[in-house]
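Notes to accompany the following structure.
Residue numbers start from 1 in every chain, and the chains themselves are labelled A, B, ... in the order their sequence lines are given, proteins ahead of strands. What you see is a predicted model, and the numbers here were worked out from it, not measured in a lab.
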2 protein chains.
Amino acid sequence: MPNRIPEIVILRLPMYRRALHSLEQDNIDVVSSQELGERLQVTPAQIRKDLSYFGKFGKQGMGYNVKRLLAELTRIMGLDREWPMVLVGVGRLGTAIASYPGFVPQGFRIVAAFDSAPQLIGRKIGSLAILDISEVKRTIQDKHVDIGIVAVPGSQAQRIVDMLVASGARAILNYAPATIRVPPGIHLRDIDPVLALQSMTYYLKP
Amino acid sequence: MPNRIPEIVILRLPMYRRALHSLEQDNIDVVSSQELGERLQVTPAQIRKDLSYFGKFGKQGMGYNVKRLLAELTRIMGLDREWPMVLVGVGRLGTAIASYPGFVPQGFRIVAAFDSAPQLIGRKIGSLAILDISEVKRTIQDKHVDIGIVAVPGSQAQRIVDMLVASGARAILNYAPATIRVPPGIHLRDIDPVLALQSMTYYLKP
DNA sequence: TTCTGTGAACGGATTCACAGCA
DNA sequence: TGCTGTGAATCCGTTCACAGAA
């Protein structure tokens, strides 16, 4: 059934899920692809096509049951479980990431934080102890961690990513402002507000 | 000359620029589309095609002069000037954004911060005074600000974006976990680490 | 010879349009 | 009638392949 689903479809699923969650909050039981599309600024046809890769979730003449579709997407996306993560780099940025309250309600939990600065080792961020980077492999394996968050300086980012991948991480969320390469089968997403800003100034200049 | 350049090309320019900056740091004077493509995991043909939308910057048989191409991209992207920005929301996340050291070296400067919580007004983040949200319009107009950064709770994000747009902002960097709609001609980029993580778990699940 | 710039060919994603079911 | 699911048609970005300049 999951033939060969384009990555771009997978990238849209989280948006759909967030919109459905919002509809559920508003006690809306049923939504059409038209209504969902208006909310998300996406064509109804695209929503129907995207969902059709995974099955038939709607009722003709009616639309989609919000709770049902939300549950299906949650399962499809693998979000019906908790995902432990490790964080590397607990400078200013890393500390903010460790304190970000948006992860846990969505099932993402930082279970260990690492740095290489001796003066930081043993200190805590909230209840999270800072460990030496040399322990990252053992932690990833012992705690079955798949996801690593990188918040080190750009010059060190590739080395840290390589270390995480060698330790067993299969997905990397990179906050460092650097071009990172990962082997096939390893997933990478970059969070870089400067690149986002730079892609808008082109349109702003006179 | 600027016919109709696909947005996806504009989204890649910041990557090219960052890679060129890195080459410049390493005192590399000339680079071919082949070499640049290897660094960025992009095909050489794509790089040449993308650049050809803006002009002819290379020398056949040689490649591209790094300094020259970097300067051209900087100009094309509108990065040969400083961009003042306003920040709305100075909770935990907003405070981290205000302190992020990556903006200023790239020409992005937060010139005013706003919140609606009375106990925050008048306090400072570094040297940045926190103003009442009611002053945002005057600030944007007086200081010729085009870019607004939104770091408020998701439930308030659309209202704040609307206010920024009504005040004259033409680009929004949104950190709130919410689907935001903007009028035509207004540019929006979302920074949402949770969406990024959720687009990877699909591939991680067994 | 090397490597750019670019029209042409290709391939994949989006949109169309409609059969079919509630 | 209203709206889904989906093959077909369309659109658009990527890659190819080569002429031409250094």
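A search for side-chain contact (heavy atoms from CB on, under 4.5 Å) contacts involving A/Ser116 returns A/Ile133, not counting sequence neighbours.
Taking atom CG of B/Leu51 as the reference point, atom C1' of D/dT15 lies 16 Å away to the nearest angstrom. The CZ-C1' distance, from B/Phe57 to C/dG5, rounds to 12 Å in whole Å. One can place CD of A/Gln60 at 9 Å from C1' of C/dA19, the figure rounded to the nearest angstrom. In this structure, A/Gln46 atom CD and C/dC16 atom P are separated by 11 Å, rounded to whole Å. Here C/dT6 presents its P atom at 11 Å from CZ of B/Arg48, a figure rounded to the nearest Å. The distance from atom CD1 of B/Ile5 to atom C1' of D/dT14 is 17 Å, rounded to the nearest whole Å. Note: CE (A/Met62) to P (D/dT1) measures 18 Å, nearest angstrom. Remark: P of D/dT6 and CD1 of A/Ile47 are 16 Å apart, rounded to the nearest angstrom.
Look at B/Arg39 and B/Glu35 and you find no salt bridge, because none of the NZ, NE, NH1 or NH2 atoms lies under 4.0 Å from a carboxylate O. B/Arg75 and B/Asp80 are not joined by a salt bridge, as no carboxylate oxygen comes within less than 4.0 angstrom of a charged side-chain nitrogen. A/Arg189 and A/Glu7 are joined by a salt bridge, as a carboxylate oxygen and a charged side-chain nitrogen come within less than 4.0 angstrom of each other.
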Inset, instruction - Show your working on side-chain contact (heavy atoms from CB on, under 4.5 Å) between A/Val9 and A/Phe54 and close with a plain yes or no. - result: CA-CA 11 Å; A/Val9 172; A/Phe54 304 99; 4.1 Å; yes

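Here A/Tyr64 reaches the OP1 or OP2 of D/dG5: one of its side-chain N or O atoms lies under 4.0 Å away. Applying the 4.0 Å criterion to OP1 and OP2 of D/dA21, one finds that B/Lys56 has every side-chain N and O outside that range. OP1 or OP2 of C/dT4 lies within a sub-4.0 Å distance of a side-chain N or O belonging to B/Ser33. B/Thr43 has a side-chain polar atom (N or O) that falls below the 4.0 Å cut-off from OP1 or OP2 of D/dT15.
The residue A/Ile8 sits close only to the backbone: its heavy atoms come under 4.0 Å of sugar-phosphate atoms, none of a base.
Put simply, the side chain of B/Arg109 never gets that close to the backbone of B/Phe103: no donor and acceptor are under 3.5 Å apart. Under the 3.5 Å distance criterion, the side-chain polar atoms of B/Arg17 are left unmatched by any main-chain donor or acceptor of B/Leu73.
Nearest nucleotide to the side chain of A/Ser52, out of C/dA13, D/dG5, C/dC3: D/dG5.
Two residues, A/Gly61 and A/Asp50, neighbour DNA chain C, and the one matched to the more 5' nucleotide by heavy-atom proximity is A/Asp50. Each of A/Lys59 and A/Lys49 lies near DNA chain D, and the nucleotide nearest A/Lys59 is the one positioned closer to the 5' end.
The stretch residues 9-30 of chain A touches DNA chain C through A/Arg12, each having a heavy atom within less than 4.0 Å of the strand.
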